[in-house]
Amino acid sequence: MSTATSTDTRSPAPHAADSHDLIRVHGARVNNLKDVSIEIPKRRLTVFTGVSGSGKSSLVFGTIAAESQRMINETYSTFVQGFMPTLARPEVDVLEGLTTAIIVDQQRMGADPRSTVGTATDANALLRILFSRLGQPHVGPPSAFAFNVASVRASGAITVERGADKTKAVKQTFNRTGGMCTRCEGRGTVTDIDLTQLYDDSKSIAEGAFTIPGWKSDSFWTVRVYAESGFVDPNKPIREYTEKEMRDFLHKEPVKVKVEGVNLTYEGLIPKVRKSFLAKDPEAMQPHIREFVERAVTFTTCPECDGTRLSEAARSSRIDGVSIADACAMQISDLAAWVRGLDEPSVAPLLTSLGDTLDSFVEIGLGYLSLDRPSGTLSGGEAQRTKMIRHLGSSLTDVTYVFDEPTIGLHPHDIQRMNGLLLRLRDKGNTVLVVEHKPETIAIADHVVDLGPLAGSEGGTVCFEGTVGRLRGSGTLTGHHLDDRARLKPQVRKPTGAVEIRGADANNLRDVDVDVPLGVLCVVTGVAGSGKSSLIHGSIPASAGVVAIDQGAIRGSRRSNPATYTGLLDPIRKAFAKENGVKPALFSANSAGACPACNGAGVVYTDLAMMAGVASPCEECDGKRFQAEVLEYHLGGPENGKDISEVLAMSVTEAHAFFGGDGAKVPAAARILQRMEDVGLGYLKVGQPLTTLSGGERQRLKLATRMAEKGGVYVLDEPTTGLHLADVEQLLGLLDRLVDSGKSVIVIEHHQAVMAHADWIIDLGPGAGHDGGRIVFEGTPADLVADRSTLTGEHLAAYVGA
C-alpha cells in the first residue's frame with residue numbers, strides 16, 4: 001500500500017483578532033450630531049471635512065476621543081480617578097473598536113508668565129541636568145538652574161512622635177537651591193505703575209485728583225478713606241505733600257481707620273491699585289478698565305537678570321563659555337548644533353535625548369523658536385506642533401492620533417512637511433484622524449468623512465464618506481469647492497496713502513524699511529516664523545487708528561453666549577425694560593431675573609466626585625433660565641411679541657429680522673446682528689453657550705465684535721483659521737466691503753485665495769528665525785506670480801495655475 005502526500009494550498013482562516021479593523025460609531029448625538037452612524041478604518045489616515053460648525057469636532061473630539069480617554073481613565077482605581085479630570089460618557093448608542101487616543105489640539109498653552117517653550121516640553125529639564133553635571137563653576141543640582149524654583153533656607157525644631165513616651169524635639173535644617181531671579185520672581189519682566197495715570201498732582205483729593213475709573217465720586221468709600229484718614233491733607237494739591245505724606249499716600253501698609261464711625265482699611269495707593277486691578281485677568285475686565293490698566297502699567301525687562309529670569313549664580317555656570325540663559329535664548333536649530341558638538345561620554349545618553357528633542361523641533365518646522373519664548377505667545381498652530389514633538393519619535397503603534405487642523409498657521413511650503421509627518425504616523429501602524437479644511441491635506445487622505453450639509457442645527461449629518469476622488473464628484477459643498485481656485489484680480493485698487501515703517505528690528509526683523517499701503521487690501525505673508533506678526537503688530541503705531549484682531553482665544557463660561565459676548569444683550573434688555581416699564585436687570589439670567597432654583601444656568605449640576613457630574617434641566621424654569629414672572633413681559637406687540645427666553649432661542653438671522661422691524665425696531669441690536677450675519681454666523685442661536693462653538697465660529701464671532709470699533713486700519717491675523725473653503729469666499733467679500741467703505745485692511749495670512757485676492761502683497765523671508773526677517777517681495781499678486789522669486793510666489797503661481 002502506497003501513501004500519497006498532498007500539500008494543502010488553502011490559506012489559513014483569518015485570526016479572530018484581525019477582524020477588529022474598524023472604529024464603529026452608532027447613534028452619536030453630541031451637540032448638533034443627528035444620530036450619526038459611521039465606520040472608520042483603522043491604521044489609515046481619515047480626514048473629516050465640512051463647514052465650520054457642521055459637527056466635525058463633536059464627532060472626532062467630543063465622541064471618539066472623549067470616550068477613549070474616559071475608558072482609559074476607568075482602568076485606574078477610584079482613588080486615582082479622584083485626581084483626574086472627570087469625563088462624561090458621550091451621548092452615543094454604540095462605540096466599538098476604540099484604541100488609545102492621543103489628542104493633539106489647538107488649545108493655547110498656558111499663558112502663565114513662567115511657562116516657556118522649554119518648560120512646556122522636556123527640553124528645559126534635560127538642559128538643567130546637563131548644566132548641573134558639566135557647568136563650571138558647579139552651582140548645585142538641576143533645580144539651581146530652574147527659574148520656577150526659589151532658593152529656600154530654613155532651620156528649627158520639629159517634633160518626632162515615636163511612641164507614647166518617646167516624643168522629642170529634633171533640630172532640622174532644610175536647604176533648597178533654586179535658580180529664580182529674586183527681583184522678578186522668574187518672570188523676566190517687572191511692572192511699573194505710571195503715577196500720572198492714577199491722579200492729577202496739581203489737584204487735591206477734595207478737588208477730584210484721582211483719574212482711576214470709578215474713583216471720581218466724593219461718596220465713593222475708597223476716595224473718602226483717603227480724604228478722611230488723617231494721613232494726608234485732602235485740601236492740599238498732591239504735588240505739595242511732604243515726604244512722609246507722599247510715603248503714606250503711596251506705600252502705607254494696611255491699617256484700620258474710622259470714617260464717620262465706620263471701620264475701614266486704609267492702604268497706600270500703589271498696593272491698592274495692584275490688588276484692585278492688576279490681580280485680575282485682563283480678558284475679564286470691562287473695556288474701559290482694561291484700557292486704564294494698559295495705560296497705567298508698564299512692563300520693563302528685569303534689570304537684575306536682564307530678562308533671563310535666572311539668578312546670578314545660575315547665569316555664572318557655563319559649558320564651553322555658554323550659560324543656560326545663552327542656550328535658552330539661542331534659536332533651537334542653532335542650539336541643536338551646539339548640543340551635537342558637545343563630546344562628553346559621561347552624559348552621552350542625556351546629550352542624545354536632548355539632541356533628538358531639539359531635532360524634532362526643527363523637523364516639525366519650529367526650529368526658529370527659542371526655548372525661552374513664552375508659551376502664551378505661540379499661535380494655535382505653533383502650540384499644536386509643539387505638542388506633536390513628544391509623539392514624533394514614539395515607538396507606540398496601534399494608537400489613535402487625533403489632530404485639529406494641524407496646518408493652521410502654516411505656509412503652503414510647510415504644509416507639505418506636515419503632511420509627511422501625518423503619513424509617517426500612519427505608516428507606523430496608527431490610526432490618524434484629522435479635522436481639516438486645507439485641500440492639500442484632504443488630498444493625502446485614505447478616507448474622507450464630510451459632515452454637513454450646513455452648520456449648527458442644519459448640520460450634524462454625514463453627507464459623504466469614501467475616497468478623495470469620489471468626494472470630488474459627490475455633489476457636497478466640500479466636493480464643489482475642493483478644486484476652487486481664486487483668480488488674480490484683473491485690476492487692483494490704488495493706495496490712498498501709506499504707513500511708513502522704518503528700521504523695524506523687533507524679534508528677528510533686520511532693520512526693515514517698508515511702506516504699508518492704506519485704502520487697499522494688503523496681505524502680509526511668508527513662511528511661519530519669518531517675522532510677519534513682528535512687523536505688523538510690533539511696528540504699526542497706535543496713532544494709525546488700528547483695530548487688531550488676533551488669534552487669541554475668546555474666553556467664556558457656559559453662562560456666556562453670543563448675545564453677552566458681542567454686547568447684543570444690552571440693547572435688548574433696555575428695549576424690554578422700556579416697553580414694560582421695569583428695570584433692565586430683570587432680563588439678565590446672571591442678575592435679578594435669574595431663576596432662583598438654578599441661578600440662571602438653566603440646568604442643575606450634581607457633582608459625583610470621581611465620576612462625571614450630571615446636568616439635568618431645571619424643573620422650576622424648564623431650562624429657560626428666567627423667573628416665571630419675567631417671561632410674562634413681551635417685546636414686539638401683542639401678535640408678534642416674544643419673551644426674553646424666546647429671543648435668546650432665535651437664530652441670528654431670525655433675530656435680525658425681528659429687531660430690524662418685523663417684531664420690534666431696535667437699531668442697536670440690528671447693527672450687531674448684521675455684523676454677525678456678515679461673517680457667516682446667521683445660523684447661530686443668540687443664546688447658545690460659547691463653550692459649544694467651534695474654533696472657526698469663535699474666530700468669526702470675535703471678528704464681528706471688533707468690526708464695531710472705530711478705527712481706520714483693520715489688522716487681521718489669519719482670519720481663515722477654522723474656515724471651510726466655502727466660507728473663505730464669504731470672508732473675501734467681507735474684506736472687500738470693509739475696503740470699499742473707506743477702511744484699510746492688512747491681513748497676515750497664508751491662504752492662497754486671500755493672497756490672490758489682495759491688492760498688494762508684502763512677502764517676508766526667505767526662511768524662518770534668523771534666516772528670515774527681510775522683505776523678499778512687495779508688489780501686486782500678479783507681479784509676485786510672474787516673478788516667482790520666492791517660495792510664496794512659487795506656491796501662488798501653482799495655485800492660480802499660472
Side-chain angles (χ1 to χ4, degrees), residues 287 290-291 294 379-380 408-409 486 489 492-501 504 514-526 531-554 565-567 671-681 696-723 727-751 753-764 778 780-781:
R290 193 185 314 141
E291 282 174 25
E294 288 170 355
S379 68
I408 279 183
K489 286 181 180 175
V492 294
R493 301 178 184 94
K494 296 295 181 190
T496 57
V499 173
E500 295 182 0
I501 297 175
V514 65
D515 291 342
V516 181
L518 296 177
V520 299
L521 174 59
C522 175
V523 172
V524 181
T525 187
K532 304 180 297 297
S533 296
S534 299
L535 178 67
I536 300 304
H537 293 306
S539 305
I540 291 188
S543 59
V546 173
V547 177
I549 305 168
D550 60 18
Q551 297 181 56
I554 65 173
Y565 181 78
T566 59
R671 283 194 296 272
I672 295 171
L673 291 161
Q674 177 65 61
R675 289 195 296 271
M676 291 173 72
E677 279 198 287
D678 286 344
V679 297
L681 294 178
E697 287 169 334
R698 289 180 177 221
Q699 174 89 341
R700 284 182 285 163
L701 188 62
K702 181 195 283 191
L703 180 60
T705 306
R706 300 298 302 275
M707 275 169 55
E709 296 182 19
K710 290 187 172 74
V713 181
Y714 283 82
V715 175
L716 283 67
D717 197 346
E718 296 188 44
T720 61
T721 297
L723 292 192
D727 296 325
V728 173
E729 284 185 16
Q730 187 167 4
L731 174 71
L732 294 176
L734 173 63
L735 299 180
D736 276 342
R737 287 198 297 277
L738 279 173
V739 176
D740 293 339
S741 69
K743 307 289 186 186
S744 302
V745 179
I746 302 167
V747 183
I748 300 168
E749 189 54 84
H750 295 294
H751 203 295
V754 181
M755 293 183 208
H757 200 71
D759 298 308
W760 192 260
I761 286 185
I762 298 173
D763 191 16
L764 281 93
E778 48 183 323
T780 65

Side chains of H537 and I748, heavy atoms from C-beta outward: is any pair under 4.5 Å? yes
Have a look at L521 and tell me which of I746, D759, I761 forms a side chain to side chain contact (heavy atoms under 4.5 Å, CB included) with it. D759
Residue of the set L703, V679, V747 for which side chain to side chain contact (heavy atoms under 4.5 Å, CB included) holds with L731: L703
From OG (S534) to CG (L764), nearest 0.5 Å: 9.0 Å
How about R493 and W760: do any of their side-chain heavy atoms sit closer than 4.5 Å? no
Which atom of I501 lies closest to which atom of L535, heavy atoms considered: CD1-O, 4.0 Å
Heavy-atom side-chain contact between V754 and H757 under 4.5 Å: no
Distance col, row L735:CG vs D740:CG, nearest 0.5 angstrom, shows 11.0 Å
Rounded at 0.5 Å granularity, tell me how far CZ in R706 sits from CZ in R675. 12.0 Å
Minimum side-chain heavy-atom gap T525-H750 below 4.5 Å: yes
Could you tell me which non-hydrogen atom of I762 sits nearest to which non-hydrogen atom of C522, and how far apart they are? CD1-SG, 3.9 Å
Is there a side-chain contact between E718 and K532 (heavy atoms, below 4.5 Å)? no
Do side-chain atoms of R700 reach the backbone of L681 as a donor and acceptor pair under 3.5 angstrom? no
Exercise: identify the closest heavy-atom pair between A498 and D515: CB-CB, 4.1 Å
Main chain of V523, side chain of E749: is a donor-acceptor contact present, judged purely on distance under 3.5 Å? no
Do V520 and V492 have side chains that approach each other closer than 4.5 Å (heavy atoms only, starting at C-beta)? no
What is the distance from atom CG of L716 to atom CG of L734, rounded to the nearest 0.5 Å? 8.0 Å
To the nearest 0.5 Å, what is the distance between OG1 on T566 and CE on M676? 5.0 Å
Closest contact, heavy atoms only, P781 versus A758: CG-O, 3.3 Å
